[in-house]
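For the numbers below, each heavy atom of this structure counts, side chains included, while hydrogens, waters and symmetry mates do not.
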Amino acid sequence: HCGTAKSDLFNEGLANFFMDDPYRYEALLMIPSAEIQTQIGRAINSPTAKALHETRYNMVAHPFSTKYQNSNQWALETIAAALAKDVQIQNREQAQSWLKFANYRASTLEISMFTRLGGRMFRANIAFDDQPFDRRMAGHIDTVTVDSIDRFLGSRDPSLQRVVVKYP
């Protein structure tokens with residue numbers, strides 16, 4: 001539900017993604033090893049994937065808070081459920097704990113106070129109240145991005161292949 005603070009899970013292809021009026025017509029396909037593909041496939045097709053979904057959407061959700069979730073965060077937490085061999089992940093708290101243990105590092109966005117205020121006032125899908133107070137006041141907003149997932153997955157899978165899809 002683009003532009004709203006409510007999310008859902010959809011099984012769609014890239015055509016629908018690009019028809020959503022994205023900022024840029026570009027996608028990064030990350031192709032992990034066959035073993036990791038199998039693990040991710042199992043996780044996505046299990047009840048865990050739905051259990052890891054939070055309907056309260058926030059474009060800049062903090063990666064270690066369960067108050068909100070962004071779409072990249074759901075993907076990352078599902079990847080965590082797939083990759084965790086030492087524990088069975090069944091909820092977001094467990095996924096986030098495992099990600100901390102596995103040394104996941106979020107992307108930090110530098111967002112000024114005035115920009116944060118404007119974003120919160122005029123966009124239903126932007127909130128900062130799940131960010132640690134000291135970092136938020138300093139304008140450091142930590143969130144899950146494609147880049148942070150790429151770094152994390154690349155550190156876990158040296159054979160990770162990357163393909164950039166652009167239109168036109």
task: Walk me through it: do Arg105 and Asn103 pass the test side-chain hydrogen bond (donor to acceptor under 3.5 Å, both in side chains)?
output: CA-CA 6 Å; Arg105 297 287 179 247; Asn103 206 29; 2.5 Å; yes
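Taken from CD1 in Ile126 to CG in Asn70, the straight-line distance is 11.5 Å, to the nearest 0.5 Å. Rounding to the nearest 0.5 angstrom, the gap separating the CG atom in Leu52 from the OG1 atom in Thr78 is 5.0 Å. Taking CZ from Arg156 and CG from Leu153, the interatomic distance works out to 9.5 Å, rounded to the nearest 0.5 Å. A distance of 5.0 Å separates CD1 of Ile40 from CD1 of Ile79, quoted to the nearest 0.5 Å. Atom CG of Leu28 is separated from atom NZ of Lys166 by 11.0 Å, given to the nearest 0.5 angstrom. Within the model, atoms OG1 of Thr145 and CG of Asp150 stand 9.0 Å from one another, a figure rounded to the nearest 0.5 Å.
Ser97 contributes no side-chain N or O that, together with a main-chain N or O of Gln94, makes up a donor-acceptor pair within less than 3.5 Å. Using modelled atom types, one side-chain atom of Gln37 and one backbone atom of Pro32 make a donor-acceptor pair closer than 3.5 Å. Judged by distance alone, the side chain of Arg136 and the main-chain N or O of Phe128 form a donor-acceptor pair under 3.5 Å. Not one N or O on the side chain of Asn58 forms a donor-acceptor pair closer than 3.5 Å with the backbone of Tyr68.
In this structure, the side chain to side chain contact (heavy atoms under 4.5 Å, CB included) partners of Phe101, at least two apart in sequence or on a different chain, are Asp86. Partners of Glu110 under the side-chain hydrogen bond (donor to acceptor under 3.5 Å, both in side chains) rule, at least two apart in sequence or in another chain, are His140. Taking the side chain to side chain contact (heavy atoms under 4.5 Å, CB included) definition, one finds that Ala80 meets it with Ile89, Ala95, Trp98, Leu99, sequence neighbours left out. For Arg151, there are no salt bridge (Lys or Arg N to Asp or Glu O under 4.0 Å) partners at least two apart in sequence or on another chain. Every residue was checked against the salt bridge (Lys or Arg N to Asp or Glu O under 4.0 Å) condition with Asp147, not counting sequence neighbours, and none meets it. In this structure Ser159 satisfies the side-chain hydrogen bond (donor to acceptor under 3.5 Å, both in side chains) test together with Asp157, sequence neighbours excluded. Not a single ring-ring contact (aromatic ring centres under 6.0 Å, His included) links Phe64 to another residue, sequence neighbours left out. With sequence neighbours excluded, the residues forming a side-chain hydrogen bond (donor to acceptor under 3.5 Å, both in side chains) with Thr115 are Ser112, listed by chain and number. With sequence neighbours excluded, no residue forms a salt bridge (Lys or Arg N to Asp or Glu O under 4.0 Å) with Asp130.
Taking 4.5 Å as the limit, some side-chain heavy atom of Met59 sits within range of a side-chain heavy atom of Arg123. The side-chain heavy atoms of Ile31 and Arg162, taken from C-beta on, include no pair separated by under 4.5 Å. Using a 4.5 Å cut-off on side-chain heavy atoms (C-beta onward), Leu76 and Gln73 make no contact. In this structure, Gln69 and His53 have side chains that are in contact, with non-hydrogen atoms separated by less than 4.5 Å. A 4.5 Å side-chain heavy-atom check between Glu26 and Val165 finds every atom pair outside the cut-off. With contacts defined as side-chain heavy-atom distances shorter than 4.5 Å, the pair Asp142/Pro63 qualifies. Looking only at side-chain heavy atoms (C-beta outward), Thr108 and Ile141 stay at 4.5 Å or farther from each other. By the 4.5 Å heavy-atom criterion applied to side chains, Glu54 and Thr66 are not counted as neighbours.
No hydrogens or angles considered: nothing links the side chains of Thr55 and Asp8 as a donor-acceptor pair under 3.5 Å.
Contacts classified as salt bridge (Lys or Arg N to Asp or Glu O under 4.0 Å) and involving residues 27-44 (residues at least two apart or in different chains) are given here: Glu35-Lys85. Applying the salt bridge (Lys or Arg N to Asp or Glu O under 4.0 Å) rule to pairs touching residues 61-83 yields Lys67-Asp129, Glu77-Arg92, sequence neighbours excluded. Contacts classified as salt bridge (Lys or Arg N to Asp or Glu O under 4.0 Å) and involving residues 111-122 (residues at least two apart or in different chains) are not found.
The hydrophobic clustering, which links ILVMFWY residues whose side-chain heavy atoms are closer than 4.5 Å, places Val146 and Leu9 together. Grouping the Ile, Leu, Val, Met, Phe, Trp and Tyr side chains by contacts below 4.5 angstrom, directly or via other members, places Tyr25 with Val163. Side-chain heavy atoms closer than 4.5 Å link hydrophobic residues (I, L, V, M, F, W, Y) into clusters, and following such links, possibly through other members, connects Val164 to Leu160. There is no path of hydrophobic side-chain contacts, each under 4.5 Å, that joins Phe10 to Tyr57.
Just one of Tyr104, Phe152, Trp74 meets the side chain to side chain contact (heavy atoms under 4.5 Å, CB included) condition when paired with Val144; it is Tyr104.
Nearest heavy-atom pair across Ala124 and Ala5 is O-CB, 3.2 Å.
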